[in-house]
Amino acid sequence: SQGRYEEAIALYQTAIQRNPKITSFYQFLSNLLVLRDQKPKAIELLQQGIRNNPTEFLLYSALGTYLEEANRKDEAIALCDVKLHILPQG
């Protein structure tokens, strides 16, 4: 139900405020925002997550996907360039 989504969103927002280095919080919250038709907010959130965790590959990946889906292809392509420089080696 809608109330449960809003409750989960509020909990993740609080979790991010308290622990901005835990990247899974950004991922889960961005997914919830997209499910609630709030993709622009999800994009902003992932950008914030990258500012707080600039080497977290999964945040770049999620952001690139959402940018492409939002027809912001130039930004998605530029992000891919950055993402290639932080790919895990091995």
Side-chain angles (χ1 to χ4, degrees):
S1 79
Q2 183 173 341
R4 301 291 287 172
Y5 278 113
E6 298 308 318
E7 182 180 344
I9 287 170
L11 289 172
Y12 276 117
Q13 288 171 331
T14 299
I16 287 170
Q17 288 174 349
R18 292 182 181 167
N19 302 290
K21 294 292 185 185
I22 300 179
T23 57
S24 61
F25 293 162
Y26 296 95
Q27 291 173 280
F28 293 135
L29 180 52
S30 68
N31 290 338
L32 285 171
L33 291 170
V34 168
L35 287 172
R36 302 297 302 148
D37 261 343
Q38 298 178 30
K39 192 173 287 174
K41 284 186 180 181
I43 289 171
E44 289 176 24
L45 175 74
L46 290 169
Q47 290 168 331
Q48 173 192 346
I50 288 169
R51 283 191 298 276
N52 290 332
N53 304 282
T55 60
E56 183 52 55
F57 179 79
L58 293 175
L59 295 179
Y60 285 89
S61 184
L63 178 57
T65 298
Y66 292 154
L67 287 170
E68 184 177 358
E69 290 172 357
N71 291 317
R72 294 168 61 177
K73 295 190 187 327
D74 289 343
E75 291 174 78
I77 290 168
L79 190 67
C80 287
D81 221 16
V82 173
K83 192 167 59 170
L84 287 174
H85 290 76
I86 64 162
L87 267 173
Q89 302 298 314

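In this text the structure is predicted, and so the values were computed from the model without any measurement. Heavy-atom basis, side chains included; hydrogens, waters and symmetry copies ignored. Along the sequence shown, the residues carry numbers beginning at 1.
- Connection of Tyr5 to Leu11 is not established within any shared hydrophobic cluster, with ILVMFWY side chains joined at heavy-atom distances below 4.5 Å, either directly or through further cluster members.
- Between the side chain of Tyr66 and the backbone N or O of Pro40, no donor-acceptor pair lies under 3.5 Å.
- Looking at Tyr60, its side chain does come within 3.5 Å of a backbone N or O of Pro54 through a donor-acceptor pair.
- Of the residues listed (Leu45, Ile16, Thr14), the one engaging Phe25 in a side chain to side chain contact (heavy atoms under 4.5 Å, CB included) is Ile16, and it is the only one.
- A pairwise comparison of heavy atoms in Gly64 and Ala76 identifies O-CB, 3.8 Å as the closest pair.
- The shortest side-chain heavy-atom distance between Lys21 and Asn53 falls under the 4.5 Å cut-off.
- Closest non-hydrogen pair, Ala42 versus Val34, comes out as CB-CG2, 3.8 Å.
- Taken to the nearest 0.5 Å, the OG1 atom of Thr55 stands 10.5 Å off from the CD1 atom of Ile50.
- Between the OG atom in Ser30 and the NZ atom in Lys41 there is a gap of 14.0 Å [rounded to 0.5 Å].
- In this view, Glu44 satisfies the side-chain hydrogen bond (donor to acceptor under 3.5 Å, both in side chains) rule with no residue, not counting sequence neighbours.
- Remark: Glu75 engages Arg72 in a salt bridge (Lys or Arg N to Asp or Glu O under 4.0 Å) (not counting sequence neighbours).
- Taken from CG in Leu63 to CD in Gln48, the straight-line distance is 12.5 Å, to the nearest 0.5 Å.
- Partners of Lys73 by salt bridge (Lys or Arg N to Asp or Glu O under 4.0 Å), not counting sequence neighbours: none found.
- By the criterion of side-chain heavy atoms lying less than 4.5 angstrom apart, applied directly or through intervening Ile, Leu, Val, Met, Phe, Trp or Tyr residues, Leu46 is grouped together with Leu35 in one hydrophobic cluster.
- From Thr23, atom OG1 reaches atom CG of Leu58 across 7.0 Å, with rounding to the nearest 0.5 Å.
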